[in-house]
There are 2 protein chains.
Amino acid sequence: MAIFSKTCEYAIRAVFYIAHKSASGDRAGLKDIAAGIDSPELYLAKILQDLSRKGLIRSVKGPNGGFYVDADSLARPLSDIVEAVDGQGLFHGCALGLKQCSEINPCPLHDQFKSIRGQISDLLHRTTIGGFNEELIGGLLSLKK
Amino acid sequence: MAIFSKTCEYAIRAVFYIAHKSASGDRAGLKDIAAGIDSPELYLAKILQDLSRKGLIRSVKGPNGGFYVDADSLARPLSDIVEAVDGQGLFHGCALGLKQCSEINPCPLHDQFKSIRGQISDLLHRTTIGGFNEELIGGLLSLKK
DNA sequence: TAATAAAAGGATATTCTTGTCCTTTATTCA
DNA sequence: TGAATAAAGGACAAGAATATCCTTTTATTA
């Protein structure tokens with residue numbers, strides 16, 4: 001198992017790609033994004049529809065339409081995408097799947113996993129969607145698989 | 001997404017349960033284990049067959065048969081189970097699914113995820129299968145969901 | 001040695017994730 | 001206003017993870 005689902009990986013890469021285009025005032029079309037992040041186009045369409053419904057990205061139909069993110073969304077943390085797609089599983093719940101594990105009755109790995117999950121949460125919360133743009137512009141980062 | 005797959009959660013809980021019984025010289029039968037860790041019996045059978053083939057646990061057929069772990073296995077790290085079931089995904093590979101991400105050409109989250117994954121790896125490597133027995137004996141820990 | 005108990009193994013069923021296809025709706029522009 | 005473009009939406013398909021069923025093999029013990 002990877003850390004994120006495949007759907008979530010696509011979502012993150014796509015939003016980065018869209019944010020990058022948005023920074024120069026452009027919108028990104030589905031074909032463009034799918035090619036840019038190396039993902040199946042029609043599956044990505046579903047993911048973007050979902051993110052759009054949830055208000056994480058915006059879309060415009062018709063000629064010269066496409067996806068973009070506004071300034072507010074650029075400032076949003078990466079965790080918003082992860083939660084929208086993969087839910088809270090990475091941050092909460094006993095790692096061993098024990099229902100009775102809690103702060104009051106912790107499993108033997110509870111505190112250690114708590115610390116690690118806290119770090120993942122911190123990382124995803126302090127990293128913003130727009131924060132990758134410099135690196136994308138500098139060409140240091142490719143979003144292709 | 002949780003950290004481990006459901007299969008892996010069952011596997012970990014089952015091995016803990018078996019290890020606990022083994023400590024008092026007993027073997028654990030499938031029904032017993034499934035009830036003890038609250039998992040579907042026949043699915044668990046497949047998981048245990050797999051762990052047995054991979055040498056992580058031992059089994060004996062026939063009356064008074066069942067599963068047990070030898071002293072060697074008690075000393076094994078939890079990471080052995082996780083790797084056997086969920087593979088290397090938790091420890092290796094770019095978190096964002098970027099093929100080109102590497103030490104030489106790291107993605108923007110590479111180093112931070114590397115640290116977190118290192119901690120997960122350390123935790124799972126330094127925790128042994130047998131290490132939970134005191135807590136199970138003390139009744140502090142329940143393996144039921 | 002026969003009866004029984006318990007895991008092993010193969011096949012199938014169900015559910016969830018991932019991926020595709022086709023039609024509809026909204027927008028642009030000639 | 002009509003044609004073209006691009007996302008939205010609904011339905012379906014493939015694959016993987018999870019779960020169940022049935023038969024076979026191996027061991028115990030009466």
Side-chain angles (χ1 to χ4, degrees), chain A residues 1-15 17-18 21-22 26-69 84-87 89 97 145, chain B residues 1-15 17-18 21-22 26-35 37-69 82 84-87 89 97 145:
Chain A
M1 287 244 305
I3 295 179
F4 302 120
S5 70
K6 234 168 170 208
T7 305
C8 192
E9 288 182 3
Y10 291 151
I12 293 171
R13 302 216 299 271
V15 173
Y17 188 91
I18 296 165
K21 289 263 170 158
S22 292
D26 288 337
R27 292 198 279 249
L30 178 62
K31 273 191 182 41
D32 177 18
I33 305 168
I37 71 166
D38 196 25
S39 75
E41 187 181 322
L42 296 166
Y43 187 54
L44 183 62
K46 294 300 176 196
I47 299 171
L48 296 180
Q49 272 169 39
D50 182 48
L51 293 178
S52 179
R53 260 185 259 112
K54 287 173 175 161
L56 290 168
I57 59 175
R58 309 204 159 264
S59 71
V60 176
K61 287 181 180 180
N64 285 316
F67 298 89
Y68 67 100
V69 295
V85 177
D86 277 351
K145 251 198 314 202
Chain B
M1 286 242 308
I3 295 179
F4 302 120
S5 70
K6 232 167 172 210
T7 306
C8 192
E9 288 181 4
Y10 292 150
I12 293 170
R13 301 215 301 271
V15 173
Y17 188 92
I18 296 165
K21 290 263 169 156
S22 292
D26 287 336
R27 290 197 280 248
L30 178 61
K31 272 190 183 40
D32 177 18
I33 303 168
I37 69 167
D38 195 24
S39 75
E41 184 181 323
L42 295 167
Y43 186 56
L44 183 63
K46 293 302 175 193
I47 298 171
L48 295 180
Q49 271 169 40
D50 181 48
L51 293 177
S52 179
R53 262 185 258 113
K54 288 174 176 160
L56 289 168
I57 59 176
R58 310 205 159 265
S59 71
V60 176
K61 289 182 181 179
N64 284 315
F67 299 90
Y68 67 99
V69 294
V82 174
V85 178
D86 277 351
K145 246 199 316 201

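Bear in mind the structure is a predicted one, so any value in this text is a computation, not a measurement. Only this structure's heavy atoms are used, side chains among them; waters, hydrogens and symmetry mates stay out. Sequence lines set the chain letters: A, B, ... in the order given, protein chains first and strands last, and positions in each chain run from 1.
Side-chain contact between B/Val15 and B/Leu56: absent, with no pair of heavy atoms (C-beta onward) separated by less than 4.5 Å.
When the side-chain nitrogen and oxygen atoms of B/Ser59 are compared with OP1 and OP2 of C/dA8, one or more of them lie within a distance under 4.0 Å. Side-chain N/O atoms of B/Lys31 include none lying less than 4.0 angstrom from OP1 or OP2 on C/dA5. An OP1 or OP2 oxygen of D/dA6 is reached within less than 4.0 angstrom by no side-chain nitrogen or oxygen of A/Arg27. An OP1 or OP2 oxygen of C/dC29 is reached within less than 4.0 angstrom by a side-chain nitrogen or oxygen of A/Asn64. Remark: A/Tyr43 is in phosphate contact with C/dT18, judged by side-chain N or O atoms under 4.0 Å from OP1 or OP2. For D/dA7, neither phosphate oxygen OP1 nor OP2 lies less than 4.0 angstrom from any side-chain nitrogen or oxygen of A/Arg58.
One can place NZ of A/Lys6 at 10 Å from C1' of D/dG15, the figure rounded to the nearest angstrom. Across the protein-nucleic acid pair, B/Leu44 atom CG and D/dC21 atom P stand 15 Å apart, rounded to whole Å. The interatomic distance linking B/Leu42 (CG) with D/dA17 (C1') rounds to 16 Å, in whole Å. The CZ atom of B/Phe67 sits 18 Å away from the P atom of C/dA5 (whole-angstrom rounding). Here the P atom of nucleotide C/dA6 and the OH atom of B/Tyr68 are 17 Å apart, to the nearest Å. Atom-to-atom, CZ of A/Arg53 to P of C/dT25 comes out at 16 Å; the value is rounded to the nearest Å. Atom CD1 of B/Ile18 and atom C1' of C/dA6 are 14 Å apart (whole Å). Distance CZ (B/Phe4) to P (D/dA17): 17 Å, rounded to an integer number of Å.
Among the heavy atoms of the strands, none lies under 4.0 Å from A/Leu48.
For B/Lys61, counting side-chain heavy atoms from C-beta on, the closest listed nucleotide (C/dA8, C/dT4, C/dT18) is C/dA8. For A/Tyr10, counting side-chain heavy atoms from C-beta on, the closest listed nucleotide (D/dT29, D/dT25, C/dG19) is C/dG19. Residue A/Thr7 has its side chain nearest to C/dT18 when only C/dG9, C/dT18, C/dT4 are considered. Which of D/dT18, D/dA8, C/dT28 sits closest to the side chain of A/Ser52 comes down to D/dA8. You'll find that the side chain of B/Lys46 is closest to D/dC21, out of D/dG9, D/dT26, D/dC21.
Enclosure of atom CG in A/Asp26 by more than 12 non-hydrogen atoms of other residues, nucleotides or ligands within 6.0 angstrom is indicated.
Positionally, the nearest nucleotide of DNA chain C for A/Ser5 lies more toward the 5' end than for the other of A/Gly65 and A/Ser5.
The pair B/Lys54-B/Asp50 meets the salt-bridge criterion, with a side-chain N (NZ, NE, NH1 or NH2) lying under 4.0 Å from an Asp/Glu carboxylate O.
Between the side chain of A/Ser5 and the backbone N or O of A/Asp86, no donor-acceptor pair lies under 3.5 Å.
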Might you work through the side-chain contact (heavy atoms from CB on, under 4.5 Å) test for A/Tyr68 and A/Val60, ending with a clear yes or no?
-> CA-CA 8 Å; A/Tyr68 67 100; A/Val60 176; 3.8 Å; yes
